[in-house]
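Notes follow the structure.
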Amino acid sequence: MELGLKGRVAVVTGGSEGIGKAAGLSLAAEGATVVICGRREDALARAASEIRAAGGQVLAVQADVTRTEDIDRLFDRVIDQFKRVDILVNNAGVSNAGPLESKSDAEWQADLDLKLFAAIRCSRRAIPLMRRDRWGRIVNVTSIGGRTPGAGSVPTSVSRAAGIALTKAMSRELAKDNILVNTVCIGLVKSGQHERAWQERRRDEPSLGLEDFYRSMARVDGVPLGRVGEAGEAGDVIAFLASERASYLTGTAINIDGGESPVV
């Protein structure tokens, strides 16, 4: 299916690994020029090399999206080089979940800065360019925990719930400008942070393979499809939402979770 992304410029935060890198690969495969950012220069360089090796056009910019000055530097670079931003994927984030009383104010603020305020600040930089061109796509990456939070799930579940609400509010506000805003609610999907958790487990279970680790995660979480999702599966959905083919979709929340969420 032709997605109509040739010539578009897409900015993907947290683009150095996992879903962000997968989104970059999917968008680039459809002809978009992709700008990825991340905090770790080594991981960012590897992701950019992978996208180029697959035939994509990519610019990698080291940036910490919890810092306003880094966001401004990122978008100044994009505007200077490409003069436009058509697609924004607000993906930056890591899991941070525990009991309410165990989380300090500083942890709460750091989580909100990374997952909520980064999306707000990046959107504020991208929207004027999208409005100028009368075309834009914003995809906020959230989680199924934002819709059905459980015990011991804060601050992540609260930050993600805010991201889902932000998506709906933005979609209503920006529809008149032909800027479409949607969110993907992620369940168990392969990522760098899961691989790091596997490495921790291997200290006590050195024979534990990565795929066995993922299978056990799917069993424990009760994923109906019986497996952990591939990052590329999420990347392809994001690319579709960013495309011409999704021209009548805005304000939606799509679960990418193998059926795990108890709500639609």
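Computed from a predicted structure; not experimentally measured.
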Could you pull out the closest heavy-atom pair between [X] and [Y], with the gap in Å?
| X | Y | answer |
| --- | --- | --- |
| I36 | G15 | CD1-O, 3.8 Å |
| Y214 | E195 | OH-CG, 3.6 Å |
| G258 | P224 | O-CD, 3.3 Å |
| A48 | A60 | CB-CB, 4.0 Å |
| R132 | K83 | NH2-O, 2.9 Å |

Trace of the side-chain hydrogen bond (donor to acceptor under 3.5 Å, both in side chains) decision for N255 with R147: CA-CA 10 Å; N255 296 338; R147 304 175 86 174; 2.7 Å; yes
Is it true that [X] and [Y] fall in one hydrophobic cluster, defined by side-chain heavy atoms closer than 4.5 Å?
| X | Y | result |
| --- | --- | --- |
| L88 | V35 | yes |
| V89 | L241 | yes |
| F75 | L174 | yes |
| V61 | I51 | no |
| V12 | V9 | no |

In Å, rounded to the nearest 0.5 Å, how long is the span from [atom1] of [X] to [atom2] of [Y]?
| X | Y | atom1 | atom2 | result |
| --- | --- | --- | --- | --- |
| T68 | F117 | OG1 | CZ | 10.0 Å |
| D76 | E69 | CG | CD | 12.0 Å |
| I186 | S261 | CD1 | OG | 12.0 Å |
| T183 | M170 | OG1 | CE | 10.5 Å |
| E260 | L188 | CD | CG | 5.0 Å |
| I254 | I144 | CD1 | CD1 | 14.5 Å |

Go through it in stages, so that I can follow the logic: the residues are E41 and R46, the test is salt bridge (Lys or Arg N to Asp or Glu O under 4.0 Å), and I'd like the CA-CA distance, side-chain angles, deciding distance and then a yes or no. CA-CA 9 Å; E41 289 191 52; R46 287 193 297 271; over 6 Å; no
Side chain [X], main chain [Y], donor-acceptor under 3.5 Å:
| X | Y | answer |
| --- | --- | --- |
| D70 | A63 | no |
| R121 | V65 | no |
| S157 | G146 | no |
| S153 | P149 | no |
| R245 | E2 | yes |
| T148 | G145 | no |
| D257 | V223 | no |
| T13 | N91 | yes |

Apply side-chain contact (heavy atoms from CB on, under 4.5 Å) to the pair Q81 and L59, showing each step before the final yes or no. CA-CA 10 Å; Q81 189 153 339; L59 169 67; 3.9 Å; yes
Should we say atom [atom1] of [X] is surrounded by more than 12 heavy atoms from elsewhere, each under 6.0 Å from it?
| X | atom1 | value |
| --- | --- | --- |
| R172 | CZ | no |
| R73 | CZ | yes |
| D105 | CG | no |
| E173 | CD | no |

Salt bridge present between [X] and [Y] (N-O < 4.0 angstrom):
| X | Y | result |
| --- | --- | --- |
| E50 | K21 | yes |
| D212 | R215 | yes |
| R137 | D86 | no |
| R203 | E200 | yes |
| R227 | E233 | yes |

With sequence neighbours excluded, tell me which residues meet side chain to side chain donor-acceptor pair (under 3.5 Å) with [X].
| X | answer |
| --- | --- |
| D111 | K115, S159 |
| E17 | R196 |
| T250 | none |

Tell me, with the steps shown, if R8 and E30 meet side-chain contact (heavy atoms from CB on, under 4.5 Å). CA-CA 10 Å; R8 299 294 186 187; E30 293 295 330; over 6 Å; no
Mind running side-chain contact (heavy atoms from CB on, under 4.5 Å) on Q62 and C37 for me, showing each step along the way? CA-CA 5 Å; Q62 190 279 327; C37 77; over 6 Å; no
Starting from the C-alpha separation in whole Å, work towards a yes-or-no answer on side-chain hydrogen bond (donor to acceptor under 3.5 Å, both in side chains) for Q109 and D113. CA-CA 6 Å; Q109 191 60 60; D113 281 340; 3.1 Å; yes
Flag the pair [X] / [Y] as yes when at least one side-chain heavy-atom distance between them is below 4.5 Å, and no otherwise.
| X | Y | result |
| --- | --- | --- |
| D80 | V78 | no |
| L180 | L249 | no |
| R125 | C122 | no |
| V220 | M217 | no |
| S191 | Q193 | yes |
| L5 | I87 | yes |
| K103 | N96 | yes |
| I127 | I138 | yes |

Tell me yes or no: between the side chains of [X] and [Y], is some donor less than 3.5 Å from an acceptor?
| X | Y | answer |
| --- | --- | --- |
| N182 | T252 | yes |
| N140 | T167 | yes |
| W135 | E244 | yes |

Passes side-chain contact (heavy atoms from CB on, under 4.5 Å), L166 versus I164? Steps please. CA-CA 5 Å; L166 176 69; I164 295 168; over 6 Å; no
